[in-house]
Student: 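First the structure, which I've put down as structure tokens, then a few questions once you've had a look.
To find a chain, count down the sequence lines: A is the first, B the second, and so on, and within it residues start at 1. Both backbone and side-chain heavy atoms feed into the values below; hydrogens, waters and symmetry mates do not.
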Number of protein chains: 2
Amino acid sequence: MARKKEGLSERHRKIMEYLTEFIEEYGYSPSIREIGDAIDVKSTSLVDYYLNQLEERKYISREGRISRSIRVLQPIRSATKALSKQISDAAQAVTTAVDSIISIPLRGRIVASTPIPVPPSDFNYFDSESGVEIARSLLPAREKINELFALEVQGDSMIDAMVNDGDIIVMRPAQQASNGEMVAVWLDDKDETTLKYFYKENNRIRLQPANPTMDPIYVENTNDLRIMGKVVMVIRQYKNTVH
Amino acid sequence: MARKKEGLSERHRKIMEYLTEFIEEYGYSPSIREIGDAIDVKSTSLVDYYLNQLEERKYISREGRISRSIRVLQPIRSATKALSKQISDAAQAVTTAVDSIISIPLRGRIVASTPIPVPPSDFNYFDSESGVEIARSLLPAREKINELFALEVQGDSMIDAMVNDGDIIVMRPAQQASNGEMVAVWLDDKDETTLKYFYKENNRIRLQPANPTMDPIYVENTNDLRIMGKVVMVIRQYKNTVH
DNA sequence: ACTATACACGAACAAGTGTTCTGTGTCAAG
DNA sequence: CTTGACACAGAACACTTGTTCGTGTATAGT
């Protein structure tokens, strides 16, 4: 039947979606390798291949040899996405009149003895809880702000992470981490949540406390550990200054 | 042309203009060299120099090491150009932003071994340094925001206050404190700055570390201790989230 | 006169990034 | 079965782009 012409494949669609979201969020387009990562394609050449097709079909345009020069010409509409996007847009518009401030939903408390209430990957949870307002300039500029959520720390069990009772931690959901990142992990054998710096070593994982005077934990079996998210920020407020 | 302070120079203005026009036109931001050509600057380093100034003053934001990642935050109004839409947008942004977000000047670093650079009560020190932007909703409602200043913690010497290297602490100058407040004090006999909870007891002052596992310090003679300010907030950022 | 600071150039460097080439496997048409 | 279009990986390459460093100049303040 030799058709290929008309329909965009799933890949094409995912690229377009990623493109629009990325540009919306950061104001500039992703690199080829970033696109590859996002749509799970290993080689830059293949991304280029798809990009050329999209360009040929006038979905995007790009400038030869210029970095991050992709423009979206025809916004693609996946019915579901469009809706959720509008909702989150609206939410964002309401809570943050300006782009310079964002409101991060406060999802609950984080306690050592129970798993943290990670939002379902279906985010868009936007709702009744209170939010923590943070200037965007305080966050890494690339941060995907609509994934972020905040938790209030309960109890003193995380002092080895330099985190105190009442502190607020801002995190981003994640299942994996890179070396050196501060993550919230659930340890199966200890039955607890903890905050540690993450380091993958040869056949084990080292969890290093932020407090330099304390010793690391080693986890030999990857299955004994579940990464719940990466810590983006910690905020401690001293309210009592009003007297 | 010897000028430095607040006002943007002609160069700054030209850069902002070029930036907004370019982005408007192409949908992505120009490279440093392109900016240099446009404003007649021969060296990339000088463009970088101006760009850093603009970033510090929150006119733009950009991503380290990422090509063409400049975003315009505050549209500049060149009397001639001013696009009417941008004006009203900007006007609105300014008015709403101004009271929901405040910029706290970053005065320097706080090190255990030296007194903190408390601003002279002559506040009007106003900037040239960079600021830490914080949503007003995170501060106690009665806080006198124009007295606040921020310091970046240097070194691990304050881990007993649950404060780490690189943390940012927001404080308000003060010479006295009430019980239970977190203060920055200079200890004459030890020759160091430290952060502790303040408690006045019968004939002495108890300085209690935030870390509940550590022991307090007692100061018998009030003159051996100088309160530099009250801690309002501590912020810890984890930058390394490069996905 | 001396110093500190802001402004400026240019070159070298390193990282980011797009392009190209070679090779592999799949699948449907001939 | 063979062929050829297609989807894909990987690596090498080359160009683009941001960063850093050494140097120089002018001006203001001491």
Side-chain angles (χ1 to χ4, degrees), chain A residues 1-15 18-19 22-23 26-57 60-71 140-142 178, chain B residues 1-15 18-19 22-23 26-57 60-71 108 125 127-130 239-240 242-243:
Chain A
M1 41 170 138
R3 55 96 56 68
K4 54 143 192 192
K5 221 21 194 311
E6 272 332 284
L8 297 191
S9 73
E10 193 46 43
R11 279 273 165 77
H12 290 129
R13 210 175 308 276
K14 274 169 79 173
I15 291 180
Y18 179 66
L19 238 34
F22 190 104
I23 293 176
Y26 301 119
Y28 52 85
S29 79
S31 70
I32 288 196
R33 283 169 183 78
E34 284 169 339
I35 298 174
D37 283 353
I39 64 170
D40 230 52
V41 159
K42 303 297 169 46
S43 67
T44 57
S45 48
L46 188 55
V47 175
D48 187 56
Y49 171 69
Y50 285 120
L51 251 27
N52 283 332
Q53 295 175 350
L54 285 170
E55 187 169 19
E56 202 155 289
R57 299 173 197 186
I60 62 172
S61 77
R62 50 181 191 150
E63 229 70 37
R65 300 208 163 269
I66 289 189
S67 312
R68 297 172 180 276
S69 60
I70 302 175
R71 275 170 300 208
R142 316 265 305 280
S178 309
Chain B
M1 28 98 142
R3 213 342 185 15
K4 73 164 200 179
K5 257 286 169 48
E6 201 42 22
L8 299 190
S9 72
E10 193 46 43
R11 279 273 165 77
H12 292 130
R13 212 174 308 276
K14 275 169 80 173
I15 291 179
Y18 179 65
L19 238 35
F22 191 105
I23 293 176
Y26 298 111
Y28 51 86
S29 80
S31 71
I32 287 195
R33 283 168 183 80
E34 285 169 338
I35 297 174
D37 283 353
I39 63 170
D40 231 51
V41 159
K42 303 294 169 50
S43 67
T44 56
S45 49
L46 189 54
V47 176
D48 188 55
Y49 171 70
Y50 285 121
L51 252 26
N52 283 332
Q53 295 175 350
L54 286 171
E55 187 170 18
E56 200 150 288
R57 298 175 194 185
I60 62 173
S61 78
R62 53 181 191 149
E63 224 72 33
R65 302 209 163 271
I66 289 190
S67 313
R68 299 173 180 274
S69 61
I70 302 175
R71 278 173 298 212
Y125 211 75
D127 112 3
S128 75
E129 307 127 356
S130 55
K239 295 283 192 187
N240 48 346
V242 189
H243 11 278

Student: Taking the side chain as everything from C-beta on, heavy atoms only, tell me whether B:Lys14 gets closer than 4.5 Å to B:Arg11.
Tutor: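 Not in contact.
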Student: B:Lys14 NZ to C:dC7 C1': how many Å, rounded?
Tutor: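 So the two atoms are 15 Å apart, to the nearest Å.
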Student: Output the rounded distance in Å from CZ (A:Arg11) to P (D:dA7).
Tutor: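 Distance, rounded to whole Å: 10 Å.
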Student: To the nearest 0.5 Å, how far apart are CG in B:Leu54 and CZ in B:Arg62?
Tutor: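 Going from CG on B:Leu54 over to CZ on B:Arg62, the span is 9.0 Å.
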Student: Between A:Gln53 and D:dA7, does any side-chain N or O lie under 4.0 Å from OP1 or OP2?
Tutor: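 Answer yes for this pair, as a side-chain N or O of A:Gln53 is under 4.0 Å from OP1 or OP2.
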Student: Hey, could you give me the CG/NE2 distance between B:Leu19 and B:His12, rounded to the nearest 0.5 Å?
Tutor: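 If I round to the nearest 0.5 Å, the distance is 12.0 Å.
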Student: Quick check on C:dC7: is either OP1 or OP2 less than 4.0 Å from any side-chain nitrogen or oxygen of B:Tyr49?
Tutor: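 Result: yes.
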Student: In this structure, how many angstroms lie between the P atom of C:dC9 and the CG atom of B:Asp37, rounded?
Tutor: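 Distance check: B:Asp37 CG to C:dC9 P gives 12 Å.
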Student: Please list every donor-acceptor pair under 3.5 Å in which a side-chain atom of residues 28-35 of chain B meets a protein atom from a residue at least two apart or in another chain.
Tutor:
unit_1: B:Tyr28; atom_1: OH; unit_2: A:Glu63; atom_2: OE1; d: 3.2
unit_1: B:Ser29; atom_1: OG; unit_2: B:Arg68; atom_2: O; d: 3.1
unit_1: B:Ser29; atom_1: OG; unit_2: B:Ile70; atom_2: N; d: 3.3
unit_1: B:Ser31; atom_1: OG; unit_2: B:Glu34; atom_2: N; d: 3.3
unit_1: B:Glu34; atom_1: OE1; unit_2: B:Ser31; atom_2: N; d: 2.8
unit_1: B:Glu34; atom_1: OE1; unit_2: B:Arg68; atom_2: NH1; d: 3.1
unit_1: B:Glu34; atom_1: OE1; unit_2: B:Arg68; atom_2: NH2; d: 3.4
unit_1: B:Glu34; atom_1: OE2; unit_2: B:Arg68; atom_2: NH2; d: 3.3

Student: Can you list the residues that meet the ring pair (Phe, Tyr, Trp, His ring centres under 6.0 Å) rule with A:Tyr49, with sequence neighbours excluded?
Tutor: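 Ring pair (Phe, Tyr, Trp, His ring centres under 6.0 Å) list for A:Tyr49, sorted by chain: empty.
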Student: Could you tell me how far apart B:Lys42 (NZ) and D:dT25 (C1') are, to the nearest whole angstrom?
Tutor: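 Rounded to whole Å, this separation is 16 Å.
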Student: Tell me: CD of B:Glu56 to P of C:dA6, nearest whole Å?
Tutor: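 Whole-Å distance recorded here is 11 Å.
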Student: To the nearest 0.5 angstrom, please state how far the CD atom of B:Glu56 sits from the CG atom of B:Leu51.
Tutor: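 These two atoms lie 12.5 Å from each other.
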Student: Tell me the interatomic distance from A:Tyr28, atom OH, to D:dT17, atom P, rounded to whole angstroms.
Tutor: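 Nearest whole value for this atom pair: 15 Å.
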Student: Once each nucleotide of nucleotides 15-22 of chain C is scored for protein heavy atoms under 4.0 Å, what B/S/- sequence comes out, 5' to 3'?
Tutor: SSBBBBB-
